[in-house]
Amino acid sequence: MSPDEKDVASRDERYDPQRIETKWFERWQQDDSLYRAESPSTRPKYYVLEMLPYPSGALHMGHVRNYAIGDTLARYMWMNGYNVLHPMGWDSFGLPAENAAIQNNTPPREWTLRNIANMKAQMKRLGFAYDWSREVTTCLPDYYRWNQWFFLKFYEKGLAYRKKSKVNWCPKCATVLANEQVVNGCCWRHEDTLVEQRELEQWFLRITNYADELLRDLDKLEGWPEKVRVMQRNWIGRSAGALVDFQLGGAAGAAGSTITVFTTRIDTIYGATSVQLAPQHPIVADLTANDAALRAKIDQLIAEQRKAREIGDIGAIEKHGVNTGRYAVNPFNGEKLPIWVANYILMDYGTGAIMSVPAHDERDYEFAKKYKLPVRLVIMPLSSNPEETMVEPPLPFTTLDGILVNSGPFNGLDCEEAIKKMTSHAEEHGFGKATVTYRLKDWGISRQRYWGTPIPMLYCDKDGIVPVPEKDLPIILPENVDITLTGGSPLSHVPEFLNAICPKCGGPARRETDTMDTFIDSSWYFYRYTDAHNDKAPFDGKNIAYWFLIDQYIGGVEHAILHLIYSRFWTKVMRDLGLVSNDEPLQRLFTQGMVIKDGAKMSKSLGNVVTPDVMIARYGADSARVYTLFATSPDRELDWQDEGVEGISRFLARLFRLVNLKLCFNKDEPGWKAPVPTDLSPTARAIQRKLHQTIKRVTQDFQGRWHFNTSIAALMELVNTINAAPGIEQGTPGEQELPAPLRRELARDLILLLAPFAPYLAHELWETLGEKGNLLRAPWPKYDPALAKEDEIEIPVQINGKLRSRLLVPAGANEEFVRERALADEKVRAAMNGKQVAKIILVPGKLVNIVIR
RNA sequence: GCGAAAGUGGCGGAAUUGGCAGACGCACCAGACUUAGGAUCUGGCGGGGAAACCCGUGGGGGUUCGAGUCCCCCCUUUCGCACCA
């Protein structure tokens with residue numbers, strides 16, 4: 001063989017991912033119907049969705065992992081005959097585009113669209129099977145016009161309103177944030193930037209109208225991780241209790257005004273020994289009107305609260321307060337209680353005022369001890385021993401397992417009953433009522449930024465707030481806006497946008513110049529995928545009826561209370577608008593783990609970033625994809641190791657050579673397409689058994705826990721097993737231990753099992769094998785339980801629980817046989833050393849344990 | 001502080017229900033082929049020991065014929081919540 005010939009041969013034998021992937025990439029580019037979902041269709045549907053990315057410029061490994069999981073699942077479902085909807089889009093409004101525009105002097109639209117083009121090319125190169133005919137780009141008018149349309153519907157229903165209030169302001173973003181976007185008092189985008197409070201007039205969506213339903217329906221979401229459900233439950237923070245009015249008394253002014261407290265424990269009200277106000281409580285201003293010294297002390301409390309918020313540990317600061325010298329009257333017993341202002345009372349929860357019951361509340365107890373306020377026991381614990389009922393508990397005693405004492409007419413009631421009766425009592429006498437408070441607040445959606453959906457509202461001097469008529473939608477976001485100007489929203493500096501005509505009176509009107517929070521875009525985008533080009537409506541209900549619910553949603557857990565609660569809210573409103581009939585959008589949610597390297601999140605500053613482009617160039621897309629699935633199970637954190645990708649690349653090369661050179665070296669050989677004979681040699685039979693066991697394992701991984709790492713390990717085992725077959729190296733049929741039909745079956749099923757994980761290589765080998773049809777529509781292989789079954793098994797023999805020997809017995813061997821073989825075993829006899837058998841534990845097919853004395 | 005998840009070789013990780021701990025891969029060691037090897041193949045690879053054996057799944061106790069798996073206490077890590085009245 002000349003050197004030239006050798007080179008040619010070695011090139012063919014080598015797994016060359018660049019050659020293979022480029023070839024298929026080009027073919028797939030030419031056929032945009034490959035991954036198109038059928039709609040309408042009578043076939044069973046499967047809607048699998050990964051969270052759409054923000055087009056930041058390039059994909060990172062977290063994206064690759066997320067989309068590899070979804071793509072693998074989508075391909076598996078296709079091969080199982082489902083009509084799969086697997087779309088992709090771009091969450092493309094948002095602040096980074098504006099920042100980039102300022103830095104690079106590129107308009108946000110241009111920057112964004114360029115990033116989209118780049119990331120879309122990366123996705124295609126990675127072989128992700130998306131139905132691009134349904135692509136959704138939220139920053140384009142054909143999408144955001146429906147944000148505006150929805151906004152008008154919300155407004156008609158009273159679900160969108162404008163109010164002036166204290167709002168979260170991020171100085172770096174130069175805009176308002178929703179409560180959900182504030183993390184530990186800081187901006188979710190700028191973790192070191194403390195959010196300020198500003199008084200602004202803003203648009204809000206009434207998500208609190210749905211608080212109860214959002215909470216209740218969490219119980220229905222059985223396909224969601226419990227972790228996410230707990231986070232949403234906490235965020236909604238429902239708390240049932242009562243409001244009670246305390247009349248203000250005292251020497252000066254404001255007589256007759258009241259302080260309303262919120263309590264969940266009205267049953268302890270006879271134990272109240274003070275009233276505590278948040279330092280920002282409005283009535284505090286009256287109380288301090290003539291007392292500069294007191295005012296100064298209260299300002300100090302406010303400063304302490306702010307400090308605590310900065311530290312991020314609100315619970316850890318010392319409780320501290322000041323006595324105002326005034327008192328309030330307990331409406332149940334007429335008692336005069338001193339009014340204090342304290343740093344542990346929060347203005348943004350309940351009413352910002354509480355009754356302090358030291359005997360039955362941790363915090364009140366701590367505070368009362370510090371300031372020597374009286375502690376009055378009003379609940380006695382129930383004891384299982386009736387003789388001991390009246391033993392005083394250690395304080396504070398905070399549970400509901402007790403009965404009332406020192407509580408006038410309510411003495412003797414148990415706590416639960418007392419809460420009901422005392423609430424009614426307060427209602428009947430007009431000084432209180434049952435109420436429910438939530439931690440969830442209405443969703444503030446105004447943003448003082450340019451790159452977002454314009455809010456379709458007008459301000460007319462004569463008619464006030466006027467919605468833009470539906471026929472005038474979309475309100476187009478103007479181009480060529482100078483976004484560097486300060487003072488108000490960027491759009492307020494654009495006269496041709498700002499100035500409009502009032503549709504009611506025809507007079508001049510001003511447009512709203514704030515834009516919408518981008519979480520609106522992602523709250524309903526997955527409905528748009530079902531009908532992406534509809535220009536009459538956001539979507540057609542027919543399509544929703546077929547495609548919804550989304551069968552599987554896959555993304556990071558960081559959106560547990562942002563995107564995922566807004567999306568649920570949006571669906572419920574759409575249902576009440578009659579647009580959809582489902583109560584929830586997502587049947588199942590899967591949150592994949594983060595990708596880290598060297599123990600830390602990949603980041604430029606740490607220099608530990610691995611980019612998809614480099615991985616593709618070095619190993620190919622298949623290796624990068626398979627590695628992200630093999631390194632660990634999808635729900636866990638993935639610790640990236642470059643050597644690991646190397647190992648996967650070697651595995652794919654081994655598989656390539658096995659199929660290409662050893663299993664189907666000659667497709668014309670006689671009997672190639674014949675059925676697999678039943679009289680296989682023991683070696684061939686063992687390999688056939690391994691094949692069926694592998695099909696079983698991989699199939700079960702898809703149906704169960706999605707532990708694709710073990711699926712891929714199973715494929716490796718299969719490849720190793722076949723490679724170890726005697727004579728497999730020989731390129732001539734006569735010397736093969738494995739008959740041609742078995743080799744064909746092995747190759748075929750191996751390729752099918754590989755197809756969801758490594759689509760490029762699978763397609764290449766499918767063609768090598770001479771198969772014509774679309775691999776994505778080829779049926780998933782079925783295992784034959786009879787062929788998967790072992791006919792001889794190894795049984796460990798233990799003596800007193802310690803392994804002493806192993807027996808090789810036929811699979812169905814009866815107990816007596818196994819017992820005798822075990823007792824006759826040489827190693828066992830030696831280990832028993834003539835001792836007496838006390839007991840023999842025999843687990844059929846599993847083990848023998850001989851207990852000796 | 002409260003709640004959840006996790007802790008297994010040098011590393012990533014297997015071990016669906018209590019039944020042979022360490023599958024699979026990486027790294028490493030030895031060998032083969034080779035002008036060469038960062039290619040490929042073969043073998044080895046938890047610790048101790050010459051071996052028989054002994055020890056070993058964060059630590060301590062328990063249940064069981066048998067525990068990585070179940071129960072109790074403790075430690076560590078990650079995540080969530082955190083004066084929510």
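- Between the C1' atoms of B/U17 and B/G7, the separation comes to 23 Å (whole Å).
- One atom, CG of A/Asp635, and another, C1' of B/U16, lie 14 Å apart when rounded to the nearest Å.
- Only the P atoms considered, B/A23 is 12 Å distant from B/A15, to the nearest whole Å.
- For A/Gln641 and A/Lys696, each mapped to the nucleotide of RNA chain B holding its nearest heavy atom, the one lying further toward the 5' end belongs to A/Gln641.
- As judged by a 4.0 angstrom heavy-atom cut-off over every strand, A/Ile345 is placed among the base-contacting residues.
- Phosphate proximity of B/A15 to A/Arg705: present, with a side-chain N or O under 4.0 Å from OP1 or OP2.
- The side chain of A/Arg229 places no N or O atom within less than 4.0 Å of a non-bridging phosphate oxygen (OP1 or OP2) of B/G3.
- One atom, CG of A/Leu803, and another, P of B/G66, lie 16 Å apart when rounded to the nearest Å.
- Distance A/Asp639 CG to B/G12 C1': 7 Å, rounded to the nearest Å.
- A cation-pi contact, defined as under 6.0 Å to the ring centre and within 45° of the axis, links A/Lys319 to A/Tyr344.
- Pairing of B/C79, defined by two Watson-Crick or G-U wobble distances under 3.5 Å, is identified with B/G3.
- Between A/Leu718 and A/Gln693, every side-chain heavy-atom pair lies at or beyond the 4.5 Å cut-off.
- Contact annotation: A/Asn709 does not reach the phosphate of B/A23 (side-chain N/O to OP1 or OP2, under 4.0 Å).
- If you take atom P in B/G38 and the same atom in B/C45, they sit 25 Å apart, rounded to whole Å.
- The base of B/C65 does not come close enough to the side chain of A/Lys839 for any donor and acceptor atom to sit less than 3.5 Å apart.
- Checked for salt-bridge contact, A/Arg233 and A/Glu226 meet the test: a charged N lies under 4.0 Å from a carboxylate O.
- Separation of the P atoms belonging to B/U57 and B/A52 is 22 Å when rounded to the nearest angstrom.
- The interatomic distance linking A/Lys227 (NZ) with B/A6 (P) rounds to 11 Å, in whole Å.
- Spacing between atom CD of A/Glu643 and atom C1' of B/A27 amounts to 8 Å, rounded to whole angstrom units.
- Side-chain nitrogen and oxygen atoms of A/Arg618 include none within less than 4.0 Å of the OP1 or OP2 phosphate oxygen of B/G38.
- B/G10 and B/A27: their C1' atoms are spaced 8 Å apart (whole Å).
- Relative to the side chain of A/Lys802, the nucleotides B/C24, B/C54, B/A27 differ in distance, and B/C54 lies closest.
- Separation of the C1' atoms belonging to B/U63 and B/C71 is 7 Å when rounded to the nearest angstrom.
- Across the protein-nucleic acid pair, A/Glu558 atom CD and B/U78 atom P stand 18 Å apart, rounded to whole Å.
- Within the 4.0 angstrom heavy-atom criterion, no nucleotide atom of any strand lies near A/Phe651.
- Within the nucleic acid shown, A/Gly704 has no heavy atom closer than 4.0 Å to any nucleic acid atom.
- Comparing B/C83 with B/U76, their P atoms sit 24 Å apart, to the nearest whole Å.
- In this structure, A/Asn720 reaches the sugar-phosphate backbone alone: every heavy-atom distance under 4.0 Å involves primed, P, OP1 or OP2 atoms, never a base.
- In this structure, A/Phe702 has its ring center closer than 6.0 angstrom to the ring center of A/Phe757.
- Taking atom C1' in both B/G13 and B/G22, one finds a spacing of 10 Å when rounded to whole Å.
- Residue contacts for A/Gln276: at a heavy-atom cut-off of 4.0 Å it reaches no nucleic acid atom on any strand shown.
- Residue-level contact check: A/Glu226 touches neither bases nor backbone, having no heavy atom under 4.0 Å from any strand.
- Where A/Ala724 and A/Pro796 meet RNA chain B, the nucleotide closest to each residue was compared, and A/Pro796 sits on the side nearer the 5' end.
- If you check every strand for non-hydrogen atoms under 4.0 Å, A/Arg697 touches nothing.
- The glycosidic torsion of B/G9 lies within 90° of 0, which places this base in the syn conformation.
- Here A/Glu362 lies out of heavy-atom contact (under 4.0 Å) with every strand.
- Paired with A/Thr268 under the rule side chain to side chain contact (heavy atoms under 4.5 Å, CB included), one option of A/Ile419, A/Leu404, A/Val378 passes, and it is A/Val378.
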